[in-house]
Amino acid sequence: NALDCLKIKRIDHGVRIIEDEQLVKRAAEEQIPLTMCPLSNQRLQVCPDLKNYKLKDMMDKGLLCTINSDDPSYFGGYIGDNYKAVVENLGLTKENVIQLAKNSFIATFLSEEEKKKYIEDNNAEIENGNVNIDEMLMNILSYIQTNYPEIQIDEDYLYFCDVNQD
């Protein structure tokens, strides 16, 4: 199986995973992150109409989906634009959006302890009614920049790249 041979830790885009029930089941069980880029998928005609984008179905199946941008200068839309597009087209609830933001913490390469801290900190904000998705995402970037200088971050794309990795 490709997941085992390649030691897959995340699947970029992953929109077509929904076509393979066994793969869906395995990815859900192992919580393999799927980095979804809805505006890129629309522009490339993977899903011409975002009203048909399978993000909500994927979340309902227990898949660990995140919302991301993909080369915004080519495909249009930074991270906030991608969130806005799925909310408007899929009728996502506030809870769905909060889960997607939490998933972005879970999907990082931070330690489990660091992920837990961020999620707990943001849960407190959510419970107090102070939900700001952009701020939550920027907190991830700030933390990584401060604590992991070996990791380059392109803030426009929210793409993480270990500069020491071959």
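The analysis underlying the following values was restricted to heavy atoms, covering all of them including side chains, and did not include hydrogens, waters or symmetry mates. For reference, positions follow the sequence shown, starting with 1.
- Between the side chain of N82 and the backbone N or O of G77 there is at least one donor-acceptor pair closer than 3.5 Å.
- Between the K115 side chain and the I106 main chain, a donor and an acceptor come within less than 3.5 Å of each other.
- With rounding to the nearest 0.5 angstrom, the CG atom of L90 is 10.0 Å from the NZ atom of K54.
- In terms of modelled atom types and a separation under 3.5 Å, the side chain of D20 and the main chain of I17 share no donor-acceptor contact.
- Between L3 and L23 there is a side-chain heavy-atom pair separated by less than 4.5 Å.
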Exercise for review: Carefully, step by step, assess Y53 and N89 under the rule side chain to side chain contact (heavy atoms under 4.5 Å, CB included).
Suggested key: CA-CA 8 Å; Y53 201 59; N89 284 283; over 6 Å; no
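- At least one side-chain heavy atom of I67 sits under 4.5 Å from a side-chain heavy atom of V86.
- N52 is linked by a side chain to side chain donor-acceptor pair (under 3.5 Å) to nothing, counting only residues two or more places apart in sequence or in another chain.
- Sequence neighbours left out, the pairs with a member in residues 26-45 that pass salt bridge (charged side-chain N to carboxylate O under 4.0 Å, His left out) are D4-R26, K25-E29, R26-E30.
- Take D60 and apply the salt bridge (charged side-chain N to carboxylate O under 4.0 Å, His left out) test, not counting sequence neighbours, and it matches K56.
- For the pair L39/L50, a side-chain contact is recorded, criterion being any heavy-atom separation below 4.5 Å from C-beta on.
- Among residues two or more places apart in sequence or in another chain, the salt bridge (charged side-chain N to carboxylate O under 4.0 Å, His left out) test is passed with K9 by none.
- Annotation: side chain of L92 is in contact with side chain of L55 (closest heavy-atom distance under 4.5 Å).
- At least one donor-acceptor pair under 3.5 Å links the side chain of N68 to the backbone N or O of T66.
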**Study point:** Worked verdict on S40 versus D71 for side chain to side chain contact (heavy atoms under 4.5 Å, CB included)
**Key:** CA-CA 8 Å; S40 167; D71 295 324; over 6 Å; no
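- Salt-bridge check for E120 with K117: failed, with every basic side-chain N at 4.0 Å or more from each acidic carboxylate O.
- In this structure, the side chains of M58 and M36 come closer than 4.5 Å at one or more pairs of heavy atoms.
- Contact check for L100 versus C65: side-chain heavy atoms found under the 4.5 Å cut-off.
- Not a single donor-acceptor pair under 3.5 Å links the side chain of R10 to the backbone N or O of T35.
- Counted within 6.0 Å of CD on E113, heavy atoms from surrounding residues, nucleotides or ligands total 12 or fewer; the atom is thus considered open.
- For the side chain to side chain contact (heavy atoms under 4.5 Å, CB included) test, residues two or more places apart in sequence or in another chain that qualify with E88 are K84.
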Exercise for review: Please assess I8 against I32 for the test side chain to side chain contact (heavy atoms under 4.5 Å, CB included), listing each intermediate value before the final yes or no.
Suggested key: CA-CA 8 Å; I8 301 297; I32 298 171; 4.3 Å; yes
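- Crowding of Q45 atom CD: a count of heavy atoms from other residues, nucleotides or ligands under 6.0 Å exceeding 12.
- Listed by chain and residue number, I18, E21, V24 satisfy the side chain to side chain contact (heavy atoms under 4.5 Å, CB included) test with K61 (two or more places apart in sequence, or in another chain).
- The structure places CG of L64 at 5.0 Å from CD of Q31, a figure rounded to the nearest 0.5 Å.
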